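First the structure, in the form of structure tokens, and then the observations on it.
We're numbering straight along the sequence, starting at 1. What you see is a predicted model; the values in this text were computed from it and never measured.
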Amino acid sequence: MRALPMAAGRAAAVAACASPAVPRRSLLLSTAAAALQPEPVSLSRSASAAPKLRASPPDAAQAATAAAAFASKEEAFAWAKSDNRRLLHVVYRVGDIDRTIKFYTECLGMKLLRKRDIPEEKYTNAFLGYGAEDNHFVVELTYNYGVDKYDVGAGFGHFGIAVDDVAKTVELIRAKGGKVTREPGPVKGGKTVIAFVEDPDGYKFEILERPGTPEPLCQVMLRVGDLDQAISFYEKACGMELLRKRDNPEYKYTVAMMGYGPEDKNAVLELTYNYGVTEYDKGNAYAQIAIGTDDVYKTAEVVKLFGGQVVREPGPLPGINTKITSILDPDGWKSVFVDNIDFAKELE
């Protein structure tokens, strides 16, 4: 199948700055997220990803209760729509975590929220964003010891950052050594002013002009092979809303914005379908999105009822109490649902 090309250039060197000190805490969720990532392949150096944790079997009583909770698909869909959900963070791999932290804090204006090194598992996690994790969407970077390069692939598109003034932001990024891949101007087929920049690992960031937004880190764009199928999955299996859909026949693509609230106030998932392209190379860099839920057991049952693939049955991680379940969408993109109460405890 034909796949769209993905730029693989690296950003220019970033000026050095000292990262703020972050206290070492019990970051159970970050450990879980790293462990759930698929094993990297075709690495630039001979090294493997952090070993996966072996999950304990789901609690039989909770799993049985969840399985019997819904009398119909309609009832399951109604529960998913009423569940307390939001996008928590997006997880991906980088080749030099300190370099990436400097780029994100200096060029993109993010804050380092927390960082943890796990020498026994040979990886490091860092969380960055524009506000506290309990009410903002953030990024989780994972560095696996000895792996200095990943393949971003053609399926991953970009992350979105909303700002007051795109032109001014781009000039600041350029002055700090950032790589600008698209100069400020109206989006193709629309009026919104955008620009694109690239981080040191080749991940693209779309800078959007959206003054006064409460959620600057505002979108994750993934390419899909069947847009209607993907929309149906995220609506029914994941309880998201189709916020808007726009076809651009002149440029031969269609986009759909999916999420748990208005996109001017919440982070959203942007699904892109390019005419005639049904399959993409996903590479080994991008990992998953984490989503909060009040019940991982019921969440897994809803996904199964609507034909989704549960790749990690719901239950607590071994040795800790954080309950999660992970799923794949029809294109193979992973999402991990995390218990809201357990997540809140992680941030205490």
Working to the nearest 0.5 Å, report the span between CG of D165 and CD1 of I207. 12.0 Å

Pair E346-T322, side-chain donor/acceptor within less than 3.5 Å: yes

Closest non-hydrogen atom pair between V166 and A195, with its separation: CG1-CB, 3.7 Å

Side chains of N340 and D294: any donor to acceptor distance under 3.5 Å? yes

Cluster question for you: counting only ILVMFWY and a side-chain heavy-atom cut-off of under 4.5 Å, with indirect links fine, are M110 and V94 together? yes

side-chain contact (heavy atoms from CB on, under 4.5 Å) between I161 and L108: does it pass, once the steps are laid out? CA-CA 9 Å; I161 298 177; L108 301 182; 4.1 Å; yes

Side chains of E206 and Q219 in contact at under 4.5 Å (non-hydrogen atoms): yes

With a 4.5 Å cut-off on side-chain heavy atoms, are I324 and L317 touching? yes

From Y145 OH over to K122 NZ, what is the distance, rounded to the nearest 0.5 angstrom? 9.5 Å

Please round to the nearest 0.5 Å and tell me the distance separating atom CZ of R85 and atom OG1 of T293. 4.5 Å

Does the side chain of T299 pick up a donor-acceptor pair with the side chain of T325 at under 3.5 Å? no

Does a side chain donor of either R210 or T192 reach within less than 3.5 Å of an acceptor in the other side chain? no

Do any N or O atoms from the side chain of E75 and from the backbone of A71 form a donor-acceptor pair under 3.5 angstrom? yes

Would you say that I173 contacts K168 through its side chain, given a criterion of any heavy-atom pair below 4.5 Å between the two side chains? no

Is a side-chain donor or acceptor of Y273 paired with a backbone partner of G276 at a separation under 3.5 angstrom? yes

State plainly whether one hydrophobic cluster holds both I327 and Y234, where clusters connect Ile, Leu, Val, Met, Phe, Trp and Tyr through side-chain heavy atoms under 4.5 angstrom apart. yes

Shortest non-hydrogen separation from I231 to A256 and the atoms involved: CD1-CB, 3.7 Å

Kindly say whether the aromatic ring centers of F127 and H89 come within a distance under 6.0 Å. yes

Okay, side chain of N144, backbone of V147: is any donor-acceptor separation there less than 3.5 Å? no

In this structure, which one of Y92, F156, Y203, Y150 forms a ring pair (Phe, Tyr, Trp, His ring centres under 6.0 Å) with Y286? F156

Applying salt bridge (charged side-chain N to carboxylate O under 4.0 Å, His left out), can you list everything that pairs with R174, at least two apart in sequence or on another chain? E171, E183

Output yes when a side-chain donor or acceptor of K282 lies under 3.5 Å from a complementary backbone atom of D331, and no otherwise. yes

Please report the shortest heavy-atom distance between L113 and G131, naming the atom on each side. CD1-O, 3.5 Å

Under a 4.5 Å cut-off applied to non-hydrogen side-chain atoms, are M257 and E263 in contact? yes

About how many Å separate CZ of R116 and CD1 of I118, when rounded to the nearest 0.5 Å? 3.5 Å

Is it true that a side-chain atom of S82 and a backbone atom of W79 form a donor plus acceptor pair closer than 3.5 Å? yes

Drop me the distance from I97's CD1 to L112's CG, to the nearest 0.5 angstrom. 8.5 Å

With side-chain contact (heavy atoms from CB on, under 4.5 Å) as the criterion, how do M221 and H158 come out once you've worked through the C-alpha distance, each side chain's angles and the decisive distance to 0.1 Å? CA-CA 5 Å; M221 192 276 261; H158 61 258; 3.5 Å; yes

Side chains of V296 and V338: does their closest heavy-atom pair fall under 4.5 Å? no

Is the closest side-chain heavy-atom distance between I289 and L269 below 4.5 Å? yes

For the residue pair F159 and F205, does the interplanar ring angle fall in the parallel (under 30°), tilted (30 to 60°) or perpendicular (over 60°) class? tilted

State, to 0.1 Å, how close S326 and V336 come at their nearest heavy-atom pair, and which atoms those are. CB-CG2, 3.8 Å

Let me see the working for E313 and K304 under salt bridge (charged side-chain N to carboxylate O under 4.0 Å, His left out), right down to the final yes or no. CA-CA 11 Å; E313 291 295 333; K304 293 175 184 177; 3.0 Å; yes

Output the distance between atom CG (N321) and atom CG (D339), rounded to the nearest 0.5 Å. 10.0 Å

Hey, are the side chains of K245 and T254 touching, using non-hydrogen atoms and a 4.5 Å cut-off? yes

Just by modelled atom types, is the I101 backbone N or O under 3.5 Å from a matching donor or acceptor in the T105 side chain? yes

Check against side-chain contact (heavy atoms from CB on, under 4.5 Å), E250 and K188: CA-CA 9 Å; E250 180 181 359; K188 291 180 179 179; over 6 Å; no

If only atom types and distance count, is the side chain of D83 paired as donor or acceptor with the main-chain N or O of G239 below 3.5 Å? no

May I have the step-by-step check of side-chain contact (heavy atoms from CB on, under 4.5 Å) for R246 and Y253, ending in yes or no? CA-CA 9 Å; R246 186 181 76 250; Y253 75 93; 3.6 Å; yes

Tell me whether F306 shares a hydrophobic cluster with V311, the cluster being built from Ile, Leu, Val, Met, Phe, Trp, Tyr side chains joined at under 4.5 Å. no

Flag the pair F137 / Y130 as yes when their ring centroid distance falls below 6.0 Å, and as no otherwise. no

Applying the 4.5 Å side-chain criterion to the ILVMFWY set and letting contacts propagate, would V193 and L208 be lumped into a single cluster? no

Closer than 4.0 angstrom, basic N to acidic O: yes or no for K115 and D98? yes

How about CD1 on I341, more than 12 heavy atoms from neighbouring residues, nucleotides or ligands closer than 6.0 Å, or not? no

Do we see a donor-acceptor contact under 3.5 Å between the side chains of Y260 and N266? no

Between D164 and E209 (side chain of the first, backbone of the second, donor and acceptor by atom type, cut-off under 3.5 Å), is there such a pair? no

Note, K81 side chain near E235 side chain (heavy atom, < 4.5 Å): no

Taking all non-hydrogen atoms of both residues, which atom of A237 and which atom of V302 are closest, and how far apart? O-CG1, 3.8 Å

Could you tell me if N248 and Y275 have a donor-acceptor pair between their side chains, going purely by distance under 3.5 Å? no

All heavy atoms of L271 vs all of A230, minimum pair found to be CD1-CB, 3.8 Å

Would you check if the side chain of R223 reaches a backbone N or O of A154 as a donor-acceptor pair within less than 3.5 Å? yes

R182: side-chain contact (heavy atoms from CB on, under 4.5 Å) partners, not counting sequence neighbours: I194, F196

Applying the 4.5 Å side-chain criterion to the ILVMFWY set and letting contacts propagate, would L227 and V255 be lumped into a single cluster? no

